[in-house]
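The structure under discussion appears below in the form of structure tokens.
Throughout, residue positions are numbered sequentially from 1 according to the sequence presented.
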Amino acid sequence: MKLALGVPLAPFLDDDFSLLRGTLDDVHWTPQLNSHLILRSLGDINARPLLDEVDYELRKLIWEPFSICFQQVYHRPGSYDDRLVTCPSPSDPLSQLQRNVEKRLRAATCAPVRQRFHPETTLGYVSPGRETDIIPWIQRHNLFKSQPLVVDRLELVELFGQHETLSCHAVEAYGCYGQELPLPAFNEAF
């Protein structure tokens, strides 16, 4: 299973992101159902004992709820498709949560990341070589700022597909005070 740990994005953010959609042609926009702010990719985990250890360690995470806002849009060139992304504004609570996640994953014997992971969410995919269309689009939306999102829940998600066909399915949910949380009621990846 290809897994990642992320913050589920609230439906109201889809309204904010929809202001960006439709303003650039020939983009495969990411459906809101697949929207997570990925804090850490865990890669392929196929051994059940390691998956249980990861779950055990992530249940120990405790943090005070905090808010983040997505700000500005960026172009990320890729080898297959380019991505249009947005990132949260830098914040100490988000950085601290990332450090705590990394600490818990190291305790579960997950391989450490080689360089600091900068969380972002993919808004859409475009064909490579469209910089002449993308740069003016980014300039028009450089003052984009979303409504605040309260980070009080993390989800361990299984990722399916790749590039614009990427979808996810929540397999576990973790609350900010270490409480067990139910998975979202509508949890279909397709």
[X] side chain vs [Y] backbone, donor-acceptor pair below 3.5 Å:
X	Y	result
N46	M1	yes
T121	H36	yes
T86	Q72	yes
T30	T122	yes
D82	G78	yes
W29	L20	no
Q179	Y177	yes

### Message
Working note: Q71 + S146, criterion side-chain contact (heavy atoms from CB on, under 4.5 Å); need CA distance, chi angles, decisive distance, verdict.
### Response
CA-CA 6 Å; Q71 190 171 309; S146 74; over 6 Å; no

#### Entry: Residue list, side-chain hydrogen bond (donor to acceptor under 3.5 Å, both in side chains) with R140, at least two apart or on another chain
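None.
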
Membership question, hydrophobic clusters at under 4.5 Å side-chain separation (ILVMFWY): are [Y] and [X] in the same one?
X	Y	value
F12	L37	yes
L19	V126	no
V85	L39	no
Y174	L181	no

[X] and [Y] ion-paired at < 4.0 Å:
X	Y	result
E158	K2	no
R130	D25	no
E57	K103	no
E155	R153	yes

### Query
Only one of V101, L94, L97 clears side chain to side chain contact (heavy atoms under 4.5 Å, CB included) with W63; which?
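Result for side chain to side chain contact (heavy atoms under 4.5 Å, CB included) with W63: L97.
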
### Task
Compute the centroid of each ring, for F144 and then for F70, and state whether the two points are separated by less than 6.0 Å.
no

Near [X] [atom1], under 6.0 Å, is it more than 12 heavy atoms from other residues, nucleotides or ligands?
X	atom1	value
Y56	OH	no
K145	NZ	no
D92	CG	no

## Note on the structure
Joining Ile, Leu, Val, Met, Phe, Trp and Tyr whenever any side-chain heavy atoms lie under 4.5 Å apart, the cluster holding L143 also takes in none

### Message
For L3 and V157: C-alpha separation, side-chain torsions, deciding distance, then whether side-chain contact (heavy atoms from CB on, under 4.5 Å) applies.
### Response
CA-CA 6 Å; L3 298 174; V157 294; over 6 Å; no

### Query
Can you list the steps and then say if C69 with L149 is a side-chain contact (heavy atoms from CB on, under 4.5 Å)?
CA-CA 6 Å; C69 288; L149 171 69; over 6 Å; no

### Task
Assess whether side-chain contact (heavy atoms from CB on, under 4.5 Å) is satisfied between L84 and L24, documenting all intermediate values.
CA-CA 11 Å; L84 301 174; L24 185 62; 3.8 Å; yes

### Y74 six-ring centre to R76 NZ/CZ under 6.0 Å and within 45° of normal
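R76 over Y74 ring: yes.
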
### Task
I would like to know whether Q147 and D16 meet side-chain hydrogen bond (donor to acceptor under 3.5 Å, both in side chains); could you show each step before the answer?
CA-CA 7 Å; Q147 299 174 61; D16 290 353; 3.0 Å; yes

